[in-house]
> 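Input: one structure, supplied below.
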Protein chains: 2
Amino acid sequence: MILIDISSNIIFNRNITLFKKAGDYLLTNERHAYILKKLEKKRTVKIQELVEETAASESTIRRDLTELESQQKLERVFGGAILTGHILKEQSLTEKSTQNLSEKVQVAQAAAELIKKGDSIFLDAGTTTFQMIPFLENKDLVVVTNGLNLVDALNEYGIKTYLTGGLYKSKTSAFVGSQTVQAIKNYRFDICFLGVNGLHEEYGYTTPDPEEAAIKQLASSLSRKSFVLADHSKINQVSFAKIMDLENAMLIIDSIPTETLDIFRKKTSVKVVHE
Amino acid sequence: MILIDISSNIIFNRNITLFKKAGDYLLTNERHAYILKKLEKKRTVKIQELVEETAASESTIRRDLTELESQQKLERVFGGAILTGHILKEQSLTEKSTQNLSEKVQVAQAAAELIKKGDSIFLDAGTTTFQMIPFLENKDLVVVTNGLNLVDALNEYGIKTYLTGGLYKSKTSAFVGSQTVQAIKNYRFDICFLGVNGLHEEYGYTTPDPEEAAIKQLASSLSRKSFVLADHSKINQVSFAKIMDLENAMLIIDSIPTETLDIFRKKTSVKVVHE
DNA sequence: GAAATATCAATCAAAATCAATCATAAACAA
DNA sequence: TTGTTTATGATTGATTTTGATTGATATTTC
């Protein structure tokens with residue numbers, strides 16, 4: 001008797017590939033989805049990359065980009081395309097991870113302004129630190145990060161980048177574990193920028209994963225200055241794993257109630273990015 | 001390993017169809033169920049795929065799609081159909097490239113068959129090793145790689161993955177340098193799989209970048225068994241940096257001229273994947 | 001700055017897909 | 001059986017998509 005597991009599409013895929021049957025191409029929708037997905041992930045796409053990855057002709061990819069541009073899903077640039085502000089807003093409606101995006105960008109920009117030319121910096125994995133990258137261009141930086149999602153963007157902007165490596169956690173796209181710790185210990189930083197899930201007067205900075213907390217803590221201890229990036233939704237939240245007390249890092253936040261601000265200011269320096 | 005599920009006689013029927021048993025076909029409602037099931041799983045179906053998988057004619061499949069569309073169960077697009085209301089966003093970003101794919105896939109599959117359950121393996125950065133990933137599922141592996149492009153795909157297939165980290169070379173999407181070396185030294189491998197740019201009787205395995213050559217060499221030295229994956233275009237090519245002699249790794253290749261094979265076989269074990 | 005290289009938009013022929021039609025095969029009822 | 005209905009597969013020409021080519025434009029390199 002032969003049994004087949006329909007939940008495992010590997011069998012399925014293999015048959016198609018192995019027997020080299022039809023379907024060795026992408027439908028128009030699939031190409032469009034592929035392009036947008038890649039854009040979302042890397043912020044920019046190159047036409048030549050898309051040609052290779054989708055096995056479609058350059059003409060077709062160009063047509064795809066033209067059409068997607070007319071749908072305002074992306075913006076064409078010489079050699080490829082970039083994300084428009086429009087799609088970012090669409091995401092923030094549906095995806096939790098990118099909620100409060102414009103605030104994140106504001107926080108990110110404020111954080112980037114603290115960096116001096118030639119600094120060596122640590123960038124935590126996460127969506128807020130990701131938003132800093134466009135503001136890091138032409139600053140002659142050396143960046144160390146444990147965030148896989150940052151690498152491509154950093155590279156796009158021509159920033160010299162060291163990825164720590166280690167065990168990959170897909171959920172946060174962060175590397176953690178002993179190898180990561182060992183790698184970070186090789187470096188010293190002028191500044192480090194960390195994301196957190198909770199800010200609390202008493203419990204300090206917290207995040208769900210203890211392993212990630214350990215990484216953040218370590219990076220901070222190896223930096224001359226430490227900054228935590230957060231948006232107002234994190235205020236008075238407490239996650240499972242403590243990173244450190246408020247005193248150990250300065251806070252950059254989009255907005256904060258006055259009374260909370262007063263409390264926090266007793267413990268650390270707080271920069272509020274107000275519109 | 002093949003998993004089995006008798007509860008799905010749709011797939012079962014389909015397999016019989018694939019193996020071309022005469023006289024077997026699907027009833028209309030079975031085809032409809034099959035189409036919808038596939039749609040649900042893949043988000044997208046191509047007409048030609050359905051024709052082959054159900055052994056029905058193109059006309060019939062078209063009629064099926066037309067009817068299912070009138071029932072609002074799907075939406076037709078040029079060349080196939082998509083789920084109604086569903087955005088394709090959730091699809092994975094695994095590379096869809098099909099250029100020279102079949103040789104690479106064959107080599108990759110042959111390589112993957114050498115892996116035993118529970119092995120710890122090193123996967124070199126590169127497109128051929130990338131193609132191995134779909135065949136690594138459910139083998140309870142630990143994979144170490146210096147190839148950034150492999151990480152996402154490995155993760156999609158649920159494979160525990162350690163990335164070496166280090167300095168990122170965007171051209172080959174490989175990490176190199178001292179940090180990479182240090183990271184690799186933390187591990188021991190049952191098998192390692194390496195890509196190369198040149199195979200030569202006298203000059204051995206070669207690749208353009210000395211730093212990458214050093215990584216490959218190191219990984220091989222820490223592995224109980226080493227395999228080089230190549231296609232026939234690499235035969236008698238010599239690149240700048242030597243990795244090691246032919247003797248130090250076994251070769252898996254799609255096809256090779258007889259006289260060259262004889263020469264190589266005096267030095268190492270060669271597995272030829274071609275029919 | 002000029003030359004070399006890469007990208008672009010427009011065009012056209014080829015290929016794939018489509019809807020419509022028709023003849024045949026199967027399923028069904030009397 | 002016979003006739004009727006339904007489903008199927010093949011064919012056709014129209015339509016859409018695609019890939020290659022071209023000369024123009026932009027970018028990079030020296």
> Give the rounded distance in Å between these two atoms: CG of L26(A) and P of dT17(D).
16 Å
> Can you list everything that forms a side chain to side chain contact (heavy atoms under 4.5 Å, CB included) with A111(A)? Sequence neighbours excluded, please.
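Once residues adjacent in sequence are excluded, the partners of A111(A) under the side chain to side chain contact (heavy atoms under 4.5 Å, CB included) criterion are M132(A), F193(A), L229(A), I252(A).
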> Of all residues at least two apart in sequence or in a different chain, which pass the ring pair (Phe, Tyr, Trp, His ring centres under 6.0 Å) check with F240(B)?
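If we apply the ring pair (Phe, Tyr, Trp, His ring centres under 6.0 Å) test to F240(B), skipping adjacent residues, there are no hits.
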> Take the protein atom CG of L65(B) and the nucleotide atom P of dT8(D), then report the distance between them rounded to whole Å.
13 Å
> State, to the nearest 10°, the angle formed by the axis through the first five base pairs of the helix from dG1(C)-dC30(D) to dA30(C)-dT1(D) and the axis through its last five.
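Axis angle across the helix from dG1(C)-dC30(D) to dA30(C)-dT1(D), nearest 10°: 40°.
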> Write down the distance between CG (D64(B)) and P (dT6(D)), rounded to a whole number of angstrom.
17 Å
> Run the ring pair (Phe, Tyr, Trp, His ring centres under 6.0 Å) test against Y205(B) and tell me which residues pass, sequence neighbours left out.
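Not a single residue meets the ring pair (Phe, Tyr, Trp, His ring centres under 6.0 Å) criterion with Y205(B).
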> Could you run through nucleotides 1-16 of chain C and give me one letter per nucleotide, 5' to 3': B if any protein heavy atom sits under 4.0 Å from the base, S if only the sugar-phosphate is that close, - if neither?
------SBS-------
> Go through the structure and list residues passing side chain to side chain donor-acceptor pair (under 3.5 Å) with D119(A), not counting sequence neighbours.
none
> Both S57(B) and I61(A) contact DNA chain D. Taking the nearest nucleotide for each, which residue is further toward the 5' end?
S57(B)
> Could you check I256(B), D254(B), V107(B), V273(B) and say which one makes a side chain to side chain contact (heavy atoms under 4.5 Å, CB included) with D231(B)?
D254(B)
> Is there a side-chain contact between T28(B) and the phosphate of dT8(D), meaning an N or O under 4.0 Å from OP1 or OP2?
yes
> Any side-chain N or O of T60(A) less than 4.0 Å from the OP1 or OP2 oxygen of dG19(D)?
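For T60(A), the contact criterion (side-chain N or O under 4.0 Å from OP1 or OP2 of dG19(D)) is met.
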> With E58(B), which residues qualify under salt bridge (charged side-chain N to carboxylate O under 4.0 Å, His left out), at least two apart?
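Scan of E58(B) (salt bridge (charged side-chain N to carboxylate O under 4.0 Å, His left out), adjacent residues dropped) gives R62(B).
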> Check salt bridge (charged side-chain N to carboxylate O under 4.0 Å, His left out) between K271(B) and all other residues, then give those that pass, not counting sequence neighbours.
none
> Once ring pair (Phe, Tyr, Trp, His ring centres under 6.0 Å) is applied, do any residues pair with Y187(A), and if so which ones, sequence neighbours excluded?
Y162(A)
